[in-house]
Enquirer: 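Have a look at the structure that comes next, please.
Everything numeric in this text was worked out from a predicted model, so none of it was measured.
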Amino acid sequence: MSLSLDKAFGILPASVKLQDRRSELLASNLANADTPNYKSRDYDFRGTLAAIEGRGKGLALVQTQSNHLPLPGQPDVNSVPDMLYRIPAQPALDGNTVDPQLERAAFAENAMHYQSTLEFLNRRVSGIRAALRRE
C-alpha cells in the first residue's frame with residue numbers, strides 16, 4: 001500500500017501558500033496607507049482556492065510532462081492569483097484607496113485563518129506520524 005502525501009494533506013498546503021501571499025499583500029496595503037495615488041489590492045481567496053482544488057470543473061486535464069503549457073482557467077498553486085483593486089467606501093483627495101480599518105480587519109482575519117490552517121496541517125501530520133509508528 002503506497003502513501004500519497006498529496007492526498008493525505010489535501011488542499012491545506014495550497015491554502016497556507018495563498019494565505020501567506022495574502023498576508024504580504026495586506027501588509028503592503030497597510031504600509032502604503034499614506035502614499036498618494038496608491039491603489040489597495042487584494043484577491044478572492046475562496047475563489048482562487050476553489051479553482052486550485054478543481055471544484056466546478058467537469059474534467060481536469062493532467063500534464064504528463066513538465067514542459068506542457070497550462071490551460072487557461074487551470075490555476076497553478078505556485079502562480080500568483082489575479083489581483084483585484086478595492087473600491088473605496090470614501091475616496092481620499094490624494095487618490096489613495098487604502099482604508100486602514102478595513103485592511104487591519106482583513107489582515108487579522110487572514111492571520112486567524114492562517115493559524116487555524118497550520119493547526120489543521122499539524123494535526124494531520126501528527127496523525128500520519130502516529131499511524132506510521134502504530135500507536
Side-chain angles (χ1 to χ4, degrees):
M1 180 169 118
S2 66
L3 176 67
S4 172
L5 291 180
D6 290 336
K7 288 182 182 177
F9 293 147
I11 198 72
L12 293 175
S15 178
V16 168
K17 285 182 184 179
L18 286 175
Q19 288 168 344
D20 180 45
R21 287 189 189 130
R22 188 161 186 243
S23 298
E24 292 174 1
L25 188 61
L26 293 172
S28 174
N29 288 344
L30 281 169
N32 289 300
D34 294 327
T35 304
N37 293 320
Y38 183 81
K39 306 300 181 208
S40 179
R41 301 187 80 177
D42 198 0
Y43 64 88
D44 180 22
F45 175 78
R46 289 182 182 172
T48 305
L49 192 62
I52 289 173
E53 188 179 18
R55 275 190 271 149
K57 298 190 181 198
L59 179 65
L61 298 177
V62 178
Q63 293 176 326
T64 56
Q65 294 184 8
S66 62
N67 59 351
H68 285 170
L69 296 175
L71 293 174
Q74 281 189 321
D76 182 19
V77 176
N78 297 319
S79 67
V80 177
D82 294 333
M83 298 296 166
L84 306 171
Y85 290 102
R86 286 195 201 271
I87 298 172
Q90 185 172 358
L93 294 175
D94 64 356
N96 189 315
T97 63
V98 177
D99 181 3
Q101 291 178 343
L102 178 72
E103 296 297 331
R104 283 188 200 104
F107 188 83
E109 181 185 16
N110 189 59
M112 182 183 66
H113 288 295
Y114 183 77
Q115 287 294 329
S116 63
T117 304
L118 285 178
E119 182 64 30
F120 289 138
L121 193 58
N122 186 23
R123 289 180 187 206
R124 185 90 39 104
V125 169
S126 297
I128 292 171
R129 286 174 48 192
L132 290 175
R133 283 193 224 147
R134 300 177 194 239
E135 292 180 358

Enquirer: Can you find a heavy atom in the side chain of Leu18 that is under 4.5 Å from one in the side chain of Arg22?
Expert: no
Enquirer: Members other than Leu93 in its cluster, when Ile, Leu, Val, Met, Phe, Trp, Tyr link by side-chain heavy atoms under 4.5 Å?
Expert: none
Enquirer: Over all heavy atoms of both residues, which pair between Ala8 and Ile128 is shortest? Give the atoms and the distance, please.
Expert: CB-CD1, 3.6 Å
Enquirer: Determine yes or no for a side-chain-to-main-chain donor-acceptor pair under 3.5 angstrom, with Thr48 supplying the side chain and Asp44 the backbone.
Expert: yes
Enquirer: Using the side chain to side chain contact (heavy atoms under 4.5 Å, CB included) criterion, which residues pair with Asp94? Sequence neighbours excluded.
Expert: Pro36, Ala92, Asn96
Enquirer: Please tabulate, for the side chains in residues 104-113, all donor-acceptor contacts under 3.5 angstrom to protein atoms that are two or more places apart in sequence or on a different chain.
Expert:
unit_1, atom_1, unit_2, atom_2, d
Asn110, ND2, Gln19, O, 3.0
Asn110, ND2, Ser23, OG, 2.8

Enquirer: Return the CZ to CG distance between Arg41 and Asn29, rounded to the nearest 0.5 Å.
Expert: 9.0 Å
Enquirer: Between Lys39 and Gly95, is there a donor-acceptor pair closer than 3.5 Å when you use the side chain of the first and the backbone of the second?
Expert: yes
Enquirer: List the residues meeting side-chain hydrogen bond (donor to acceptor under 3.5 Å, both in side chains) with Thr35, not counting sequence neighbours, and say none if there are none.
Expert: Asn32
Enquirer: Considering only heavy atoms from C-beta outward, does the side chain of Tyr38 approach that of Thr97 to under 4.5 Å?
Expert: no
Enquirer: Quick one: does any side-chain atom of Ser28 pair with a main-chain N or O of Glu24 as donor and acceptor, under 3.5 Å?
Expert: no
Enquirer: Determine whether more than 12 heavy atoms belonging to other residues, nucleotides or ligands lie under 6.0 Å from atom CG of Asp34.
Expert: no
Enquirer: Would a hydrophobic clustering, with Ile, Leu, Val, Met, Phe, Trp and Tyr connected at side-chain separations under 4.5 Å, put Met83 with Phe45?
Expert: yes
Enquirer: Out of curiosity, does Leu26 fall in the hydrophobic cluster containing Leu49 (side-chain heavy atoms, cut-off under 4.5 Å, transitive links)?
Expert: no
Enquirer: Got a sec, which residues hit side chain to side chain contact (heavy atoms under 4.5 Å, CB included) with Leu118, two or more places apart in sequence or on another chain?
Expert: Val16, Tyr114
Enquirer: Near Phe120 CZ, under 6.0 Å, is it more than 12 heavy atoms from other residues, nucleotides or ligands?
Expert: no
Enquirer: What side-chain donor-acceptor pairs closer than 3.5 Å can you find for residues 84-91, not counting sequence neighbours?
Expert:
unit_1, atom_1, unit_2, atom_2, d
Arg86, NE, Ser40, OG, 3.4
Arg86, NE, Glu103, OE2, 2.8
Arg86, NH2, Asp42, OD2, 2.8

Enquirer: Quick check on Gln101: does its CD atom have over 12 non-hydrogen neighbours (other residues, nucleotides or ligands) under 6.0 Å away?
Expert: no
